Engineer: 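One structure coming up, written as structure tokens, with questions to follow.
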Amino acid sequence: MEDCMSSDDEYYYSDLNSLDGLENYESDFQWVPPKGSTTQVITKESLLTAQREDLRRVMELLSLGEHHARTLLIYHRWDVEKLFSVYVDKGKAFLFAEAGVGMVEHQNHDSLLLSSTIMCDICIEDVPSDDATRMDCGHCFCNNCWTEHFIVKISEGQSKRIRCMAHKCNAICDEAIVRKLVSKKKPNMAEKFDRFLLESYIDDNKRVQWCPSTPHCGNAIRVEDDDLCEVECSCGLQFCFSCLSQAHSPCSCLMWELWAKKCKDESETVNWMTVHTKPCPKCHKPVEKNGGCNLVSCICGQSFCWLCGGATGRDHTWTSITNHSCGRYKEQEKKAEQAKRDLYRYMHYHNRYKAHTDSFKLESKLKDTILEKVNVSEERESTLRDYSWVNNGLYRLFRSRRVLSYTYPFAYYMFGDELFQDEMTQEERDIKQHLFEDQQQQLEANVEKLSRVLEEPFDQFTDDKVMEIRMQVINLSVIIDTICQKMYDCIENDLLGSLQLGIHNIAPYKSKGIERASELSACWANKASADECLPLDCGGTTQPDRSSGSGSSEESGCSSRKRARKEGLAGAVFDLNLPAEVVDRN
């Protein structure tokens with residue numbers, strides 16, 4: 001097993017903090033992501049760098065300026081591959097026209113401006129040629145009309161794609177012209193315009209999501225490959241990249257959404273009342289039967305039949321109620337039995353889900369005790385010096401306990417009637433349920449074994465006994481990892497893969513746990529480098545007193561979740577942690 005010893009690092013993974021109701025437990029052992037991490041943390045310092053990476057690719061391929069490249073990327077939601085695909089399949093002309101990039105060949109438009117005055121088609125006034133501006137599409141209007149148009153659009157939140165004022169013209173106005181004209185009349189609006197442009201990279205980009213931490217950490221996460229994954233921010237929060245809720249695989253996002261709602265609201269309380277009480281026909285309060293007679297009385301004084309719920313008099317025998325015939329008995333009995341079965345089924349899965357959630361909490365608290373045992377063992381005189389297997393075993397326990405807890409919400413919906421009633425026959429459902437539950441029971445048994453072995457007082461044992469425990473921890477870790485992988489394969493291929501509806505997808509299983517995103521390095525660390533890397537359209541102008549901190553989480557659309565943090569950048573100062581309307585108001 002020396003080979004297993006040498007590969008102990010294979011079992012390192014990030015500490016868990018994703019079970020319902022659990023806090024994010026800080027880990028003393030930081031998981032080091034492998035080279036070539038597929039997820040990256042975008043901070044406020046690296047946001048402009050991340051944005052310029054995509055801009056540069058488009059600018060180099062299509063030989064465009066930054067304004068036109070940004071217009072194309074915003075239209076295609078910053079999906080560079082999709083943009084290139086459209087370019088290859090349909091050509092540059094279609095690509096530009098669809099996104100609103102002006103294709104007008106600049107003939108001798110300057111000759112039109114040689115005259116001392118021109119007429120603006122918006123205000124129908126003659127204005128000096130110096131007070132008029134022509135866009136890439138060729139339309140020329142006076143600066144006052146342009147400015148008012150820009151201010152209205154920015155106020156309405158449409159500053160990412162401000163169209164030309166000309167009738168039926170879809171061309172997008174040049175950002176530099178927008179900034180120049182608006183800053184003369186309303187500098188705060190120009191600042192808001194820059195803010196919205198920065199927002200676009202995160203809010204409109206399907207590969208980037210804000211970290212949903214509370215309070216907001218100021219970071220965003222960018223994934224390079226599949227967006228169906230679970231990630232860990234540098235702040236320590238683990239979450240599902242697709243739905244932004246806590247990491248919940250092997251549940252699909254829809255399953256977890258339904259389960260979380262079911263656990264939080266009082267739907268099951270109502271279900272219990274449906275099973276065990278009947279509404280009074282007079283005051284409609286729930287009445288619980290506490291005796292064997294089917295004639296019950298409410299506190300309001302109304303008597304009614306327990307079988308059908310109909311109001312009756314008080315005269316009755318053991319077998320009948322005077323002047324009352326219960327014709328709905330079978331229907332009511334059927335509904336009550338079904339409600340009772342549904343309630344018991346929910347309680348079965350919820351109790352086991354809650355048990356593993358509680359076990360995770362206790363094991364997380366037990367971690368400090370176990371690590372103290374490691375310290376004691378390392379200090380005593382012994383031939384054993386390597387106790388990394390304890391840390392590896394702990395992380396494997398946390399990871400597998402989390403997976404195990406979420407298998408119960410998955411099973412509740414997978415083999416119930418709420419989502420897949422028409423997808424499987426009862427025979428197919430039973431076969432798949434038995435297959436899944438066999439793997440679930442194997443995982444549960446080995447997880448409990450690993451938990452029990454790690455709780456052993458190995459700091460008091462002899463070296464031989466410690467070696468025996470070490471081998472058990474390593475073997476159980478390998479077994480649990482194998483079972484988890486097979487269970488995920490079963491879910492993806494045999495259970496969800498055979499369904500017609502393709503909306504239920506799960507994040508893939510990763511042996512090392514949820515990957516911690518690596519930080520995207522900023523190309524500017526000081527003002528000098530900022531002048532090199534700052535986009536010409538986003539920070540070239542000096543704005544009044546605010547900090548340009550656009551942190552990966554800062555820009556704004558999601559800024560309502562952020563805390564105000566300010567940072568100056570190369571003369572451009574605006575706080576991307578504040579909502580745009582607040583910045584405007586201030």
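Just so you know, these numbers come straight off a predicted model, no measurement behind them.
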Engineer: What pair of heavy atoms forms the shortest contact from F241 to I221, and how long is it?
Structural biologist: CE1-O, 3.4 Å
Engineer: When you compare the side chains of T133 and N143, does any donor N or O come within less than 3.5 Å of an acceptor on the partner?
Structural biologist: yes
Engineer: Once you measure the plane-to-plane angle for W146 and F141, does it fall in the parallel (<30°), tilted (30-60°) or perpendicular (>60°) bin?
Structural biologist: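 Geometry flag for F141 against W146: perpendicular rings.
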Engineer: So that I can tick it off, tell me whether R70 and D54 are bridged by a salt bridge, with the cut-off set at under 4.0 angstrom between side-chain N and carboxylate O.
Structural biologist: no
Engineer: Examine the side chains of H356 and S405 and answer whether a donor and an acceptor come within less than 3.5 Å of each other.
Structural biologist: no
Engineer: Charged N to carboxylate O below 4.0 Å: is that the case for E98 and K90?
Structural biologist: no
Engineer: Measure across D126 and M119 and return the closest heavy-atom pair with its distance rounded to 0.1 Å.
Structural biologist: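 Shortest heavy-atom separation between D126 and M119 comes out as OD1-CB, 3.3 Å.
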Engineer: Looking at CD of Q209 and CG of D203, how far apart are the two atoms once the value is rounded to the nearest 0.5 Å?
Structural biologist: 9.5 Å
Engineer: Considering all heavy atoms of both residues, which atom of I118 and which atom of C140 are nearest to each other, and what is their separation?
Structural biologist: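 In this case the closest contact between I118 and C140 is CD1-SG, 3.6 Å.
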Engineer: Are the side chain of H216 and the backbone of C211 linked by a donor-acceptor contact shorter than 3.5 Å?
Structural biologist: yes
Engineer: Applying side-chain hydrogen bond (donor to acceptor under 3.5 Å, both in side chains), name anything that partners D89, two or more places apart in sequence or on another chain.
Structural biologist: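 D89 satisfies side-chain hydrogen bond (donor to acceptor under 3.5 Å, both in side chains) with S85 only.
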Engineer: About how many Å separate NZ of K184 and OG1 of T147, when rounded to the nearest 0.5 Å?
Structural biologist: 8.0 Å
Engineer: Rounded to the nearest 0.5 Å, how far does CD1 of I491 lie from CE of M414?
Structural biologist: 9.0 Å
Engineer: How far does CG of L55 sit from CG of L48, to the nearest 0.5 angstrom?
Structural biologist: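 Taking CG in L55 and CG in L48, the distance rounds to 10.0 Å.
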Engineer: With no hydrogens and no angle check, do the side chains of S46 and T49 hold a donor and an acceptor under 3.5 Å apart?
Structural biologist: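 Result is no, nothing qualifies.
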Engineer: When you check the side-chain N and O atoms of S252 and Y413, is any donor under 3.5 Å from an acceptor?
Structural biologist: no
Engineer: More than 12 heavy atoms of other residues, nucleotides or ligands under 6.0 Å from NZ of K186: is that the case?
Structural biologist: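 Incorrect, the count does not exceed 12.
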Engineer: Are Y412 and H350 near enough that their ring centres are under 6.0 Å apart?
Structural biologist: no
Engineer: Below 4.0 angstrom, N of the basic side chain to O of the carboxylate: do R222 and E53 qualify?
Structural biologist: yes
Engineer: With W259, which of Y353, Y406, F410 fulfils ring pair (Phe, Tyr, Trp, His ring centres under 6.0 Å)?
Structural biologist: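 Running ring pair (Phe, Tyr, Trp, His ring centres under 6.0 Å) over Y353, Y406, F410 with W259 returns exactly one hit, Y353.
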Engineer: Is it true that K153 and E148 make a salt bridge, defined as a side-chain N closer than 4.0 Å to a carboxylate O?
Structural biologist: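 No, no charged N to carboxylate O under 4.0 Å.
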Engineer: Check step by step if salt bridge (Lys or Arg N to Asp or Glu O under 4.0 Å) holds for R402 and E230.
Structural biologist: CA-CA 13 Å; R402 185 191 71 82; E230 293 172 338; 3.5 Å; yes
Engineer: For the residue pair H248 and W256, categorise the inter-ring angle as parallel (less than 30°), tilted (30 to 60°) or perpendicular (more than 60°).
Structural biologist: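 Ring orientation, 0 to 90° scale: parallel.
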Engineer: Could you list the residues that satisfy salt bridge (Lys or Arg N to Asp or Glu O under 4.0 Å) with R57, not counting sequence neighbours?
Structural biologist: E81
Engineer: If we count only N and O atoms by modelled type, under 3.5 Å, do the side chains of S245 and E257 hold a donor and an acceptor together?
Structural biologist: no
Engineer: So, D136 versus H68: side-chain donor-acceptor pair below 3.5 Å or not?
Structural biologist: yes
